[in-house]
Amino acid sequence: MKTEYVERPDLKTEEGIQGIRRAGEIIRRGGLVVFPTETVFGLGGNALDADAAQKIYAAKGRPSDNPLIIHIADPSEAALYTETSDLFVRLAKRFMPGPLTVVLPAKPVIPKTVTAGLPTVAVRCPSHPVAHALIAAAGVPIAAPSANLSGSPSPTTFAHVKEDLDGRVDMILGGECSIGVESTIVRIDGENELTLLRPGGITPEELGEFARVTLSAAVLDKLKEGERVQSPGMKYKHYAPKTPLYLLRGDQTARMRYLDAQTGKFAVLAYTEELAALRFHPASPVLFDLGSVTDPSEQLHRLFFLLREADKAGCERIYAALPGTTGLSLALYNRMIRAAAYQIIDTN
Ligand code: AMP
Ligand code: MG
């Protein structure tokens with residue numbers, strides 16, 4: 001199919017508004033539109049249309065047992081599609097619109113194709129102005145997973161979306177993704193109980209002000225053989241570059257000593273503070289600036305972009321430091337251990 005583009009939709013111009021209006025029509029009549037959100041790009045279709053959901057799985061090459069998140073224009077609309085609760089309302093007041101997805105019991109209006117047969121559905125209200133305008137223009141909730149081919153890192157730029165989905169969707173809207181990794185997903189288990197299924201831009205510490213937060217086992221570790229998954233997406237190899245990625249555990253001195261001993265063609269996703277020393281490495285590694293060691297939000301913002309760019313550098317392997325697991329770093333840790341297929345090297 002021929003994909004239509006609006007690379008920089010500007011809601012202040014008539015042209016931009018017309019583009020969003022056309023995109024809304026495409027969604028309403030069962031087509032697919034890629035759109036920017038504050039997390040990553042989404043691959044959207046009408047969440048009330050089982051055929052549209054089927055097309056999303058096909059366009060991504062995604063297994064259809066991995067459910068989709070439905071995107072709404074206002075948190076109050078969640079009650080149309082799910083059984084909400086007081087805790088949902090309190091979370092919505094504090095974090096929506098924004099990068100928080102909440103899993104709630106689904107109402108029958110949501111097709112089983114969207115929920116992959118589960119009795120629950122994941123709901124999010126994005127803050128990105130283009131995403132918001134698109135949902136409003138469509139007049140229906142939009143089911144949207146990340147706009148990558150299944151298995152590769154989620155796209156955070158127009159160029160990366162095109163690499164994966166040109167010719168597979170009706171339209172692509174461009175824009176900026178300020179956060180750079182997918183939303184935080186929580187399941188409400190009671191009025192004072194949340195399970196964190198996937199970390200993201202909203203931290204467990206922030207959520208802890210509203211309820212007791214339990215981390216799903218798959219957040220920090222590989223699922224064990226035969227273990228039940230709470231969030232189907234966690235069982236798939238994810239976010240992975242084609243070049244093997246290795247994560248280095250250890251302090252800066254130990255990691256640098258390890259890298260000093262490396263030969264051959266390799267790339268490093270390095271903290272800004274460590275770039276200068278690596279520039280004089282005899283093997284001339286391909287260097288990418290992951291952001292300051294003290295700024296996990298910058299690191300999150302760059303991670304998926306750099307994983308895709310590092311893959312194009314023609315290296316045998318990629319190295320990066322193993323992040324911590326508190327605050328925003330938890331989301332980095334969760335994505336990076338999957339991108340590395342759990343290959344962690346102790347350098348101490
Ligand atoms: P993506 O939109 O690509 O970030 O993927 C959405 C992720 O949300 C899936 O991989 C699931 O793990 C998770 N998810 C969606 N719906 C549910 C649900 N009803 N229960 C648990 N996890 C869900
Ligand atoms: Mg995804």
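For ligands, and for the atoms within them, numbers begin at 1 and follow the listed sequence. Please read all numbers here as calculations on a predicted model, not as lab measurements.
- At a heavy-atom distance under 4.0 Å, only side-chain atoms of Leu197, from C-beta outward, approach ligand 1.
- One finds a salt bridge joining Arg308 and Asp164 here, because a Lys/Arg side-chain nitrogen approaches an Asp/Glu carboxylate oxygen to under 4.0 Å.
- No part of Thr115 comes within 4.0 Å of ligand 1, judged by heavy-atom distances.
- At a threshold of 2.8 Å, the Mg ion (ligand 2) has a backbone or side-chain N, O or S atom of Ser146 nearer than that distance.
- Side chains of Glu206 and Arg94 form a contact here, defined as non-hydrogen atoms less than 4.5 Å apart.
- Atom numbering of ligand 1 starts at 1 in the shown order; those under 4.0 Å from a heavy atom of Ala144 are 2 (O).
- Salt-bridge check for Glu38 with Arg124: passed, with a basic side-chain N closer than 4.0 Å to an acidic carboxylate O.
- Atoms of ligand 1 lying under 4.0 Å from any heavy atom of Leu118, numbered from 1 in the order shown and given with element: 18 (C), 19 (N), 20 (N).
- With rounding to the nearest 0.5 Å, the separation of CG in Leu245 from CD1 in Ile337 is 11.5 Å.
- With Phe158 as the partner, the ring pair (Phe, Tyr, Trp, His ring centres under 6.0 Å) test is satisfied by one option alone out of Tyr5, Phe305, Phe35, Phe41: Tyr5.
- Counting heavy atoms under 4.0 Å from ligand 1, residue Arg187 does not touch it at all.
- Residue Asn66 touches ligand 1 through its side chain alone, judged by heavy-atom distances below 4.0 Å.
- The hydrophobic cluster around Phe266 extends to Tyr246, Leu248, Met256, Tyr258, Leu259, Val268, Leu275, Leu278, Leu287, Tyr319, Ile345, counting ILVMFWY residues whose side-chain heavy atoms fall within less than 4.5 Å of a member.
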